[in-house]
Number of protein chains: 2
Amino acid sequence: MIETYLLEHLLAFHKFGTLSAAAEQLHLAQPSVSRSMQKLESELGVTLLIRSKNRVELNESGKLAAEYAKRILEKEEEMIRHIRAFDRANRTIMVGSCAPGPLMFLFPKITSFFSEMTISSDIVEEEVLLQGLKRDDYQLIIAPKHLESEEFYCQKYLREHLYLSVNNFHPAATYKSITFAEMDGQNFIMYAKVGIWEDILREKMPHAKLYKQADLDAVGEIASASDLPSFSTNITQQLLPSRVMNRVNIPFSDEEAHADFYIACKQSDKKRFSALLNLLKQA
Amino acid sequence: MIETYLLEHLLAFHKFGTLSAAAEQLHLAQPSVSRSMQKLESELGVTLLIRSKNRVELNESGKLAAEYAKRILEKEEEMIRHIRAFDRANRTIMVGSCAPGPLMFLFPKITSFFSEMTISSDIVEEEVLLQGLKRDDYQLIIAPKHLESEEFYCQKYLREHLYLSVNNFHPAATYKSITFAEMDGQNFIMYAKVGIWEDILREKMPHAKLYKQADLDAVGEIASASDLPSFSTNITQQLLPSRVMNRVNIPFSDEEAHADFYIACKQSDKKRFSALLNLLKQA
DNA sequence: ATCACTTACGGGTGACGTAAAAATC
DNA sequence: GATTTTTACGTCACCCGTAAGTGAT
């Protein structure tokens with residue numbers, strides 16, 4: 001059988017036209033490539049090169065061989081990429097969520113159950129979640145609705161409540177609760193990837209300006225430094241206690257400020273995640 | 001890049017289940033295959049094997065890799081086969097003919113013009129000739145009709161005349177000429193591959209028995225040893241003089257006993273064969 | 001002289017075999 | 001004990017680089 005390096009040398013020669021150029025491209029001395037061509041010819045038992053005294057070029061058989069070399073080498077590269085990706089996918093749990101809070105809450109638990117795995121997560125829209133779960137882009141998703149498909153296992157996960165987060169000097173600081181309508185039209189600083197919360201905010205406060213920050217830490221920083229109101233939830237208050245310094249959290253009383261989240265996986269993965277899912281049921 | 005021998009070792013392991021069996025199949029010692037698997041894993045950076053103390057098997061990544069190995073190795077084998085066939089085709093002139101006489105006449109001329117090429121020939125039906133010329137199965141064909149297609153170049157080649165060949169004691173031995181009708185119903189010994197002549201004989205002498213001999217030399221031998229009549233032509237008389245010993249050749253007077261043959265090649269090959277074709281025009 | 005290729009020679013990597021150890025059946 | 005795998009070690013093949021030679025531009 002023909003060794004791969006011979007195909008590489010052949011392809012380089014085909015691409016660059018001379019043995020010297022091919023050798024340079026391959027980071028080899030010219031004689032190596034010359035010998036490789038000879039070896040290839042001898043193994044095939046077919047002349048591939050037209051040798052003038054001072055010049056070599058591929059004959060028709062050589063060109064055919066080069067075509068094959070190209071295809072085979074591409075196939076090998078595809079093999080390497082695919083296997084590495086497959087392996088990576090096998091050591092990675094991809095989690096998709098429609099909101100950051102439930103994800104942050106899940107993260108420490110999932111890492112403790114799957115300590116050797118890489119956990120990778122995304123905040124995306126509901127449709128992407130479902131498609132992704134179906135196509136194995138995600139192994140776990142956190143959805144805003146219960147999934148009814150036979151293909152998936154789905155259970156109630158948690159309920160998140162939205163709060164207004166303001167400093168002590170804000171007019172609303174003393175309120176026991178507040179409504180979206182009361183805050184509409186004001187400027188807010190908020191985390192960029194809040195998933196469905198953004199939809200809710202934009203619907204309930206159509207005149208509010210939302211200054212989105214890609215960096216989660218920056219949200220707290222900027223909120224503290226400015227007097228801009230921001231948002232928190234029962235979950236972020238628990239997981240990011242640093243952000244509540246000098247700030248008060250006033251619950252929104254609107255119904256839309258309370259969201260239920262569901263966690264789901266493929267039926268075929270239910271066993272694998274059962275310990276984790278049971279723990280979440282209790283909490 | 002991954003060398004071919006690693007893929008071969010992987011595939012053998014996949015096929016035979018154990019490293020020892022794979023090694024035996026590959027005519028190698030077990031440690032070689034063991035090392036190859038390790039090397040493969042290290043080059044891919046991916047674990048491919050589940051190692052128990054006394055047992056190894058492919059994991060999912062390994063199975064995927066084995067699939068790729070199979071496909072790549074098949075591709076390489078296809079490459080080898082295809083290139084060798086292509087090369088062979090390039091050093092071979094395939095000649096198709098509808099009759100053996102014109103072919104025998106052509107053979108010495110074509111070999112002298114293309115001394116370095118292998119000449120390969122076939123006696124087949126007219127439709128096969130045309131298809132074969134079109135599909136490059138044949139580079140030259142000898143046809144019973146002039147080809148009118150734009151795709152081909154065609155010229156008159158020669159005229160062949162059929163003779164009855166009998167020993168001196170045969171009743172017809174003294175005839176100046178004879179007809180098919182007069183000989184119908186008798187038994188003949190003849191060469192198996194006479195192309196269109198067989199069609200003609202069967203049509204004109206529907207009651208004759210034709211004992212076909214695959215070996216050309218055997219026809220003469222058997223004809224001499226027996227008293228069976230056989231056939232000859234102006235061409236075979238010229239090229240196979242040994243066969244006319246103790247035999248007389250009586251021309252058939254029927255019109256169908258005289259056949260015109262045409263030689264043709266692809267227009268794209270006309271230049272290549274021009275010297276040969278010109279020589280044939282003169283003869 | 002420069003360029004392109006081939007041949008010749010020497011060196012080092014690595015593929016392989018043998019031997020031995022460990023573990024399982 | 002037989003089988004299977006891995007590790008250790010020595011050997012040899014072979015791939016590569018350097019150097020020299022040939023021929024063409």
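Chain letters run A, B, ... following the sequence lines, proteins first, then strands; residues in each count from 1.
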Under the rule for ring pair (Phe, Tyr, Trp, His ring centres under 6.0 Å), what residues qualify as partners of A:Y262, not counting sequence neighbours? A:H146

When the side chains of residues 65-73 of chain A are checked against the rest of the protein, which donor-acceptor pairs come out under 3.5 Å, sequence neighbours left out?
residue, atom, partner, partner atom, Å
A:Y68, OH, B:E78, OE2, 2.9
A:Y68, OH, B:H82, ND1, 2.7
A:K70, NZ, A:E74, OE2, 3.1

Kindly confirm or rule out a cation-pi arrangement of A:K109 over A:F105, judged by NZ or CZ under 6.0 Å from the six-membered ring centre and within 45° of its axis? yes

Looking at B:E116 and B:R91, does any basic side-chain N land under 4.0 Å from a carboxylate oxygen? no

Using whole Å, what does the distance between atom C1' of nucleotide C:dT7 and atom CG of A:L19 come to? 14 Å

Any residue in residues 33-59 of chain A with a heavy atom nearer than 4.0 angstrom to DNA chain D? Just list them by number, or reply none. A:R35, A:K39, A:K53, A:N54

OH of B:Y5 versus C1' of D:dC14: gap in Å, rounded? 12 Å

Look at A:D87 together with A:R84 and state whether they make a salt bridge at an N to O cut-off of under 4.0 Å. no

What residues from residues 20-32 of chain B pass a heavy-atom cutoff of under 4.0 Å to DNA chain D? B:S20, B:P31

Residue list, ring pair (Phe, Tyr, Trp, His ring centres under 6.0 Å) with B:F273, at least two apart or on another chain: B:F114

For residues 18-36 of chain B, run the donor-acceptor check on the side chains, cut-off 3.5 Å, and write out each pair with its distance to 0.1 Å, sequence neighbours left out.
residue, atom, partner, partner atom, Å
B:T18, OG1, B:A21, N, 3.0
B:S36, OG, B:H9, ND1, 2.6
B:S36, OG, B:S32, O, 3.0

Can a salt bridge be assigned to the pair A:K193 and A:D122 using a cut-off of 4.0 Å between side-chain N and carboxylate O? no

